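The structure appears right after this line, and notes come after that.
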Amino acid sequence: MVDLKDRGTVKVIDGRFQFKGKFHYIYPNTPIRDESGELNGVTNPRDMTYVHMYGGEAPFFDSLRDGKLLGTRCDNPDCEHTGTVHVPFKIHCPDCLKRNTIFDITEIAKKTATVHTFMVTERTGAFNTLEKPIRFINIEFEGVSTILMGYLPVGEPKIGMRVLPIFQSKNPTFTILDLAWVPEGTPESELPEGFTFN
Amino acid sequence: MITFSERQLKIPKMSKPVYLVTGGMSKFGRAIPEKRTEELVIDAFNEAAEFIGKTSAELKKYIHSCYYGHFADHFGDQLLGEAVIHDRLGLDPLGNIGIKTGGATGGSTIWEAFKAVASGYSDCVLAMGWERMDEVPTDEGNHLISCAADKDWETPLGHIYTGYYAVMAQKYWQVFGKSEDSFRETMANIAVKNRGYARMNPHAHGAMDITVEDVINSPVVAYPLRALDCCLMSVGAAGVILADEKTAYELTDNPLLLYNAAASHTLRVADRRNMEIPLLPNESPDQYKDLGERFPGGDRYPGFTGFLAARMAAYYAYRMAGITDPNEDLDLVELHDAFTISDIQSYEDIGIRPYGEGRTYVESGDCYHTNPHTGKPGKLPANLSGGLIGCMHAVGATGIMQTIEVAQHIWGRWAEMHEDQRKWDTFGRKKPSDWTDLQVKGAKRGLAISHAGVGSHVTATILIHPDHQLERRF
C-alpha cells in the first residue's frame, strides 16, 4: 500500500515550483496470457500525481470556501458585446480578448438560480468521489449569458426548479466539488457534511 | 463568438478538385487482444489497396503526405503513436501529422488530407484513423474519456462524459420530444434500425436483432438514455486515399469527388451563448420565428438542444458542393449516432428536417433502406453501416469508416464488400442466414457527419459521383 503521508506536495516559491515528497510509485508489471497460456501482453502500472495551475481562475476556486460565487464580466466599452457576464468564470472576454472584471454573483445566484436541464446517473468513471446516483444540474442565472454545470446532492431535479448554492467551507478541496446546489427551501440540517449556505 | 463576419462565413474554396480514390477498414471489436494497433492499420491499408486492384507497395508509391487520426493517446501510454504507425506502414520520409478532435477525429483527419490535395501541396495523400480503447477497465476508460471535458469545471463531476452529454439529451427530450412515449419509441426505433443494419456488416461488432421493447427495457444509463440507445466503445482502423484528378484517374477509373468542411463550438456546453440560427440553403429567414411557441423552452439557440458546429459544418459543406436541399440532393447519409437522441438532433442541425421536427425523419420511414410503411426504398437512408450504435466507434477511425461506407454505395460495391463469406470467416463472425444486400440503388451522392462529444468539433464530408455534380452557385 502507498503511504499517503509521503504523497507529493507543491509550493510556488519565488516563481518556481518546489516539489516535496513522492510523486510516483513503482510497481512490478505482470504478464497477460490467454487461456492456452500464450503471452498476449503485459500490465504497465502507473501511479503518479499530476500538478495543475489555476492561473487567472484561482480566485474562483479559492472563494468557494468563503461562500462566494464569482463570475466575470466584460467591461470594455468598445467590445461588441460589452457587459456580457460569464459563469463559468472566464478570464478574458471571448469577443474582444480584454481581461474581464471579476465580481461576486453570490446574491444573484441565491435569488435567480434555476435548473435549465439535468441528468441522473448511477454510472461514474474511476476517481469519482460523488455519492451515487449523481444528479447533474445546469443552472441559469438572471443576467448571465452562460449556464453553469453543477450537482444536486439533495432532492430530485426538475427543469425550472429554483436552487440555492451551497459551499464546502469546512474541508474544502479547492475544486469545483466545493460548490453544490440544493432545492430552494432545503434546511441547513439536510446539507451534506462540510457544506454550508454561506 | 455569437455573431459572425462575412469573412468568417465565406464558403471555403479549393484550388483544385479532390477525389476519393479508395478506402479500407479493419475488423472492429470491443476488444482485439490478439492484434497490435499497427496490425489493424495495415489490415485497413491492405483492404484499400486491394479494392482498386493494387498491391499495397504499388499504392504507397503514389502517397506524398500522411494524416493520422488518433484521439486518446493517454489510453495507450504512448505519445507519437502516429510515428509508430507511419514507420510500420513504411512511409518514411513522407511528412505526417496527428489529428485529434475527439469523436470527430476521423472526419477532421479527412479535412486535413482534403486541404492538402485541394491546395496543391500533395497530389495523393493517406488519411488513416484508429483507436484502441480496450486496454483499460471500463471505469478507467470512462475517466479517460471524461478528460475530454473541462478538467476543472466538469471532469471532477463524476468523471463520466456521458453525463455531460445526457443533460443535453434531457433538455431535447423535454422541449422537443415533450417527454412523449411516442418520441421515446422513435428513439428506440433508431437503435433497432442501426443494430439491425449492423447484422449485414462483417466489420461491425454491435449487431443485434432487437425490438423497440428491448431498447426501452434496457438498463437506464442516464434517463431517458438507456444502454441500447448508446454507441459502442471500439477498437479498429480505417483509411482512405485522396488525390487530385490526374492522380486519381491513374489509380482507378472510378474516383468520387470529395468535399469536406469543419466547424466548432465551445468545449463546455455551459459557455454556449444565445445567437440567431444560421440558415441552410433549404431554410427561410422567418421559419423559426415561432419555434419557442411551438416548443416552449426551444427558443434558446443553440442552447442545450442544437449543435452549432454541425449546423456550420453543413453550412459550409453544402455550399461547397452545391447542395440546396439534402433531402433531394443526397441519396444516403452516415450520421454520428453517439446516442439515439443525438441522431435526431443532428437531422435538424444538418437540415434533413427543420429544428423541432427531427423525429419525423424516422417516423416517415425516410431514414430506412426500405421504408417500413411503404415497402419502397427509403428517401434518404441513414447509417446502413450500423453507425456508431451498431457498427463501431473507434474514435479516430469513425468518420473515415462512415465515408468509406457511403462511397461503397456510390461505387455500387456495397454488397461485394459486405457479403463475402471469407471476410465473415476472417473476422470470426457468423454471417446471418437472412443476410440482405443494403446497396442503395443508383446512389450518386452521400454525406458523412463526424462529431465530437457535446459538439466541440464537427465535419461534413460529401461524396459525389463525377457524372452527377451539382451546380455550385455559392
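Residue numbers begin at 1 in each chain, while the letters A, B, ... track the order of the sequences. The shown structure was predicted, so the numbers you read here are calculated from the model rather than taken from an experiment.
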Is it the backbone or the side chain of A:Phe89 that comes under 4.5 Å from a heavy atom of chain B, or both, or neither? both
Select one option (side chain, backbone, both, neither) describing which atoms of A:His52 are under 4.5 Å from chain B's heavy atoms. side chain
Under 4.5 Å from any heavy atom of chain A, what part of B:Glu140 do you find: side chain, backbone, both or neither? both
I'd like to know if B:Asp343 pairs up with B:Arg359 as an ion pair, taking the criterion as any Lys NZ or Arg NE/NH1/NH2 lying under 4.0 Å from an Asp or Glu carboxylate oxygen. no
Salt bridge check: are B:Arg184 and B:Asp229 linked by an N-O gap of less than 4.0 Å? yes
Answer with side chain, backbone, both or neither: which region of A:Glu38 has an atom nearer than 4.5 Å to a non-hydrogen atom of chain B? neither
Determine the option with the most heavy-atom pairs under 4.5 angstrom with chain A, choosing from B:Leu157, B:Leu144, B:Asn142. B:Leu157
Listed once per pair and sorted, the ring pair (Phe, Tyr, Trp, His ring centres under 6.0 Å) pairs that draw on residues 118-143 of chain A, sequence neighbours left out: A:Phe127-B:His143, A:Phe136-B:Tyr164, A:Phe141-A:Trp181
Of the listed A:Leu177, A:Leu179, A:Leu130, the one with the largest count of heavy-atom pairs under 4.5 Å with chain B is A:Leu177
Salt bridge or not between A:Arg73 and A:Asp75? Use side-chain N to carboxylate O under 4.0 Å. yes
Side chain from CB out, backbone as N, CA, C, O: work out which of these in A:Thr84 comes under 4.5 Å of a heavy atom of chain B, or both, or neither. side chain
Between A:Arg65 and A:Asp178, does any NZ, NE, NH1 or NH2 come within less than 4.0 Å of an OD or OE carboxylate oxygen? no
Would B:Arg272 and A:Thr146 satisfy side-chain hydrogen bond (donor to acceptor under 3.5 Å, both in side chains), going step by step from the backbone distance to the final call? CA-CA 6 Å; B:Arg272 291 176 189 173; A:Thr146 53; over 6 Å; no
Could you give the distance from CD1 (A:Ile91) to OH (A:Tyr54), rounded to the nearest 0.5 Å? 12.0 Å
Which answer fits B:Asp271, side chain, backbone, both or neither, if we ask what part of it has an atom under 4.5 Å from a heavy atom of chain A? both
Which bit of A:Lys132 is near chain B, if near means a heavy-atom gap under 4.5 Å: side chain, backbone, both or neither? neither
Interface residue of largest heavy-atom contact number with chain B, from A:Lys90, A:His116, A:Arg46, A:His86, under 4.5 Å: A:His116
Chain B contacts, top residue of A:Ile134, A:Asn40, A:Asp95 (heavy-atom pairs, under 4.5 Å): A:Asp95
Under a 4.0 Å threshold between the charged nitrogen and the carboxylate oxygen, would B:Asp150 count as salt-bridged to B:Arg268? yes
